[in-house]
Amino acid sequence: YLVAAAVLLLGVRVLVSGYGLPAKFLPWTTFLAALGLLPMLVLSWFFDVVPDPGARASRIAPAPHRPEPPAGAAPASQAAEEVSAVSVRGDLTALLEALARAPAAATGEAWAHPLLPGDRIDRFSIVRELGRGGFGAVYEAHDQILERRVALKTLRPGRSRDEGATEELRREARAAARLSHPGIVTLYEACTCHLGPFLVMELLRGETLAERLLRGPLDPREAVEIALQAARALAHIHTQGLVHRDLKPGNLFLGDDARVRLLDLGLAHLLGRGSVPGGTPGYVAPEQWRGEAVDGRADVFSLGAVLFEMLTGRRPFEDRDERSATPPPAPVLDGVAPRRLRALVSSCLHREPAARPAAAPAAAALAEIQRQLDRPRALRRTAALAALGGLLGAGITGLVAWRFLPR
């Protein structure tokens, strides 16, 4: 814009001095060029800070290939023959069922101490501990056979597992073995060693949404993109008969490859994760909070709470009383999001499960909101180009008209 304005002003000055154009044309042209500078700067800033819509298509990459475990891989302990190293599909059910049947004391005492860098578990060499939660610990490890870095998830050192395996949990275990989606962390193998069972997963690079929120709220477009990928992954989980039960910013991973992945997808619940009363305060649905039976709409409630926090930087139920079975009314999203996005968050946070959308319709609504957010941006880009073209066209037209037409 500055170059075009400079060329236009130079042309007007030449016309004023050499061709008899009235002198008043120069200040008027300067005034109009300066007046147009402000909206052009605003548009330039807007296009610079907002990602290009075409780049979003590459955010959802295809699901990575799930390699089969190498031939000859065997458990490191004869006492764990029932849950020896197995491939993910199908045989993961046997592992989870065996874990559910195992005595709580034996499982809890297995990982009595944390793993340290240099420790060797089967064919995996521990590099460092990545994190630890109420249920398990995750380590970065090097696969000595396949020559790759992986993540090992074990029971948290000293954590005792609750007893009470039921057929419902076994059904969920069979469903977990069938999960395959770009928004779900890839589970390579389920193994065991003399210390107990552990899971071998893809090693993720990036940060959790909880870590990202420490830097403040997100732009509505970025928040909608994250929520859309999470909703699609939840829809896949729900079609397999699973409910995540603990969706929160700490369980949403923002990968360096621009993919959003769900962590802790029900496996912790299958293995007896304890919480009050199943989930994380501030994100859990009212029916789950009361200990009632839940379905996928409980995850949609949690997704609405996460989306609210992404847009505002605060939880919708920060002052929730842990003794109360009913959450307070969700705050209103005034002025921080488009109307349709505010309405979707409100419906996701409805107290009654029947009034909430399922995960698939919520994903469809988020996709439509995403298209609406991109539409004004495309119009503003067109307006900016039209302004630049109009400026150049006016200058060229004026020059030609003054030079070749009679006075």
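The chain is numbered in sequence order, starting from 1.
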Evaluate Met40 against Val42 for side-chain contact (heavy atoms from CB on, under 4.5 Å), listing each step before the verdict. CA-CA 5 Å; Met40 292 301 296; Val42 173; over 6 Å; no
Ion pair present between Glu207 and Arg215, side-chain N to carboxylate O less than 4.0 angstrom? yes
Other residues, nucleotides and ligands only: do more than 12 of their heavy atoms fall within 6.0 Å of CD on Glu147? yes
Considering only heavy atoms from C-beta outward, does the side chain of Arg221 approach that of Gln370 to under 4.5 Å? no
Smallest heavy-atom separation, Ala210 atom then Gly250 atom, equals CB-N, 3.8 Å
Could you report the tightest heavy-atom contact between Ala358 and Pro361, atom names first, then the distance? O-CD, 3.3 Å
Which heavy-atom pair separates Met310 from Leu213 by the least distance, and what is that distance? CA-CD2, 3.9 Å
Taking all non-hydrogen atoms of both residues into account, name the closest pair between Ser302 and Tyr283 and its distance. OG-O, 2.7 Å
For His236 and Ser180, indicate whether the former's side chain and the latter's backbone hold a donor-acceptor pair under 3.5 Å. yes
Side chain Arg259, main chain Pro182, donor-acceptor under 3.5 Å: yes
Quick one: does any side-chain atom of Arg342 pair with a main-chain N or O of Ala337 as donor and acceptor, under 3.5 Å? yes
Note, Leu307 side chain near Leu303 side chain (heavy atom, < 4.5 Å): no
Arg356 side chain to His350 backbone, donor-acceptor under 3.5 Å: yes
Side-chain contact test, heavy atoms from C-beta onward, threshold under 4.5 Å: evaluate it for Pro249 versus Val306 and give yes or no. yes
For the backbone of Gly183 and the side chain of Gln229, can you confirm whether one donor and one acceptor N or O come within less than 3.5 Å of each other? no
With a cut-off of under 6.0 Å to the ring centre and 45° to the axis, is Arg205 in cation-pi contact with Phe253? no
Side chains of Leu130 and Arg128: does their closest heavy-atom pair fall under 4.5 Å? yes
Just how far is it from atom CG of Asp295 to atom CZ of Arg297, taken to the nearest 0.5 Å? 4.0 Å
Less than 4.0 Å between a side-chain N and a carboxylate O, is that true for Arg314 and Glu309? no
Assess the residue pair Val127 and Arg149 against the criterion (side-chain contact (heavy atoms from CB on, under 4.5 Å)); give the C-alpha distance rounded to whole Å, side-chain angles, the decisive distance to 0.1 Å, and a yes or no. CA-CA 9 Å; Val127 177; Arg149 292 294 177 93; 3.9 Å; yes
Enter the distance from Leu10:CG to Leu26:CG here, rounded to the nearest 0.5 Å. 10.5 Å
Whether the side chain of Tyr139 engages the backbone of Pro117 through a donor-acceptor N/O pair (distance < 3.5 Å, no angle test) should be reported. no
Expected output: side-chain Asn251 to main-chain Lys248 donor-acceptor under 3.5 Å: no
Check the pair Leu209 / Ile226 against side-chain contact (heavy atoms from CB on, under 4.5 Å), numbers first and verdict last. CA-CA 9 Å; Leu209 178 58; Ile226 294 173; 4.3 Å; yes
Evaluate the criterion side-chain contact (heavy atoms from CB on, under 4.5 Å) for residue pair Val284 and Asp246; output intermediate values, then yes/no. CA-CA 7 Å; Val284 67; Asp246 196 16; over 6 Å; no
Sub-3.5 Å donor-acceptor pair from the side chain of Glu211 to the main-chain atoms of Thr208, do we have one? yes
Looking only at heavy atoms, which two atoms of Ala231 and Leu366 are closest? And how far apart? CB-CD1, 4.1 Å
Determine whether a donor-acceptor pair (N or O, by modelled atom type, separation under 3.5 Å) exists between the side chain of His142 and the backbone of Gln144. no
Are any non-hydrogen side-chain atoms of Ile237 and Val243 less than 4.5 angstrom apart? no
Could you check whether any side-chain N or O of Asp299 sits under 3.5 Å from a backbone N or O of His244, counting only pairs where one atom can act as donor and the other as acceptor? yes
